[in-house]
> 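Sending over a structure as structure tokens; questions will come in a sec.
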Amino acid sequence: MNCRIVPSICSYCGTGCGVLFLVVDGRLMGTLPMKTHPVNEGKLCIKGWNLHEYVNSFIRLKSPLLKKDGRFRKCTWEEAIGFTADRLRSIVREHGPDSVGVLVSAKMSNEENYLAQKFARVVIGTNNVDHCARL
Amino acid sequence: MHDDVKNQVKEMLNQDVVDLFLAYRMMDGHPLPFAFSRENIEEVEDLVTGPARYPLEKLALEILKIHPEATLGILARECDQRALNVLSTWNQLEAGRVKTIRLSCCPSNLKEHSDCSYLEPHVSGSCKTELGFEFGAKTEDLEALAPERRFSRWMYEFEKCIKCYGCRNICPVCFCRECSLEHPDLIGTGPLPPEVPLFHLVRAVHMAGRCIDCGLCEDACPAEIPLRLLYGKVNEIVKEVFGYETGTSPGQSPFQVLGTEMMPEPL
């Protein structure tokens with residue numbers, strides 16, 4: 001019997017509330033607010049309270065999907081990234097770099113957001129970068 | 001005092017009295033709930049008793065749903081003990097499944113600290129003081145107010161509700177599989193703002209003879225609604241009318257709305 005209570009940060013929005021996950025035998029069983037966390041001081045919204053439900057949801061996507069003949073089909077990461085890169089490259093070639101915008105997310109880490117804007121500016125060549133937490 | 005507790009926990013684990021012991025441990029500067037085990041007995045050295053409070057008995061119930069054969073130990077403050085009494089009264093806990101090391105948490109001049117985050121001072125802002133109830137208000141303070149004034153202050157407090165269900169989720173004695181606050185024919189999930197004061201009064205009625213006055217709901221409320229005050233009043237009535245003291249009186253409360261056949265169901 002393995003039981004751990006794992007501190008983490010809520011992944012729903014940019015506020016960054018401290019949460020605790022109850023993990024029993026490797027399975028996420030519940031979420032609690034972290035009482036001493038400076039951001040939320042032991043309080044959570046309804047989304048934060050239900051973090052464990054989306055992790056365990058049976059409709060959660062576990063592999064990339066690619067639309068072929070009007071239907072989504074499971075594919076490998078190589079296929080998905082390859083297809084996206086090819087399409088982005090052809091759009092940039094045809095319509096110019098400013099035809100692409102990069103929208104990043106509060107659910108990602110600071111470092112991932114940094115990489116995303118670097119990708120937009122250096123790889124694609126556009127300043128069209130925005131973030132959902134730019135309130 | 002900590003050394004005493006640590007030695008007792010080690011003894012319970014080493015002598016196979018319990019499989020896991022739930023208490024608190026400092027992690028990254030935060031006192032967090034932690035399950036101590038025989039395999040990692042050296043971690044018991046980092047055990048702390050406070051000051052943060054979590055519903056350890058609720059965590060124990062979750063673990064027992066997966067491992068019904070396990071025996072768990074809990075560091076039990078007085079509120080944890082009352083919660084455990086209520087849970088076993090309502091057949092949610094098999095006798096002997098949970099062993100406790102009791103901890104006195106009441107404040108006293110003879111003690112360096114008291115192990116309860118609820119006792120930390122909490123300052124009410126001017127709006128709350130003007131329109132609602134100050135933190136730590138007592139039922140006597142409320143009853144001194146004229147009924148209309150009291151009602152408008154309660155409505156001010158209830159209208160702040162964001163329907164996060166935090167009060168129910170953190171409650172150590174909320175164990176029903178089906179909850180009136182979620183049932184589509186009763187309150188139902190979804191629409192915001194919640195219907196006030198119905199949402200809170202439904203929960204208050206269900207807390208009659210069940211609430212053990214731990215204050216975790218009030219701690220967890222993002223809108224800082226004085227829930228402990230509300231449920232405290234409900235239980236005052238239960239005590240006055242039925243002579244039943246929740247958490248200490250033996251047997252189930254006079255409100256056996258759930259029947260006597262309630263048993264924990266596997267997930």
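The analysis underlying the following values was restricted to heavy atoms, covering all of them including side chains, and did not include hydrogens, waters or symmetry mates. Each chain gets a letter, A, B and so on, in the order its sequence line appears, and its residues count up from 1.
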> Please output the residues of residues 115-125 of chain A in contact with chain B, using a heavy-atom cutoff of under 4.5 Å, in numerical order.
none

> Under a 4.5 Å cut-off applied to non-hydrogen side-chain atoms, are A/Met34 and B/Tyr54 in contact?
yes

> Quick test of your reading: applying salt bridge (charged side-chain N to carboxylate O under 4.0 Å, His left out), list the pairs with at least one residue in residues 20-40 of chain B, sequence neighbours left out, ordered by first then second residue.
B/Asp16-B/Arg38, B/Arg25-B/Glu43, B/Arg25-B/Asp46

> For residues B/Ile66 and A/Met29, determine if any side-chain heavy atom of one lies less than 4.5 Å from a side-chain heavy atom of the other.
yes

> Measure B/Ile170 against the heavy atoms of chain A and call it side chain, backbone, both or neither at under 4.5 Å.
both

> If you compare all heavy atoms of B/Ala52 against all heavy atoms of A/Lys35, which two are closest, and at what distance to 0.1 Å?
CB-CB, 4.3 Å

> Measuring from A/Asp25:CG to B/His67:NE2, what's the distance to the nearest 0.5 Å?
3.5 Å

> To the nearest 0.5 Å, what is the distance between SG on B/Cys164 and CG on A/Asn50?
10.0 Å

> More than 12 foreign heavy atoms under 6.0 Å from CD of B/Glu42: is that the case here?
yes

> Identify the two heavy atoms, one from A/Pro38 and one from B/His30, that lie closest to each other, and give their separation to 0.1 Å.
CD-CE1, 4.2 Å

> Does anything in residues 80-95 of chain A reach chain B? List residues with heavy atoms under 4.5 Å apart, or say none.
none

> Check each atom of B/Lys58 against the heavy atoms of chain A and say whether the ones under 4.5 Å are side chain, backbone, both or neither.
neither

> Measuring from atom OG1 of A/Thr36 to atom CG of B/Leu32, what distance do you get when rounded to the nearest 0.5 angstrom?
5.5 Å

> Taking non-hydrogen atoms and a cut-off under 4.5 angstrom, which of residues 1-22 of chain A neighbour chain B?
A/Met1, A/Cys3, A/Ile5, A/Pro7, A/Leu20, A/Leu22

> Does B/Gln81 CD have over 12 foreign heavy atoms under 6.0 Å away?
yes

> Can you confirm whether more than 12 heavy atoms, excluding those of A/Tyr114, are under 6.0 Å from its OH atom?
no

> What distance do A/Leu32 atom CG and B/Leu59 atom CG have between them, rounded to the nearest 0.5 Å?
5.5 Å

> Once rounded to the nearest 0.5 Å, what's the spacing between atom NZ of A/Lys43 and atom CG of B/Asp219?
6.0 Å

> Which bit of B/Glu69 is near chain A, if near means a heavy-atom gap under 4.5 Å: side chain, backbone, both or neither?
neither

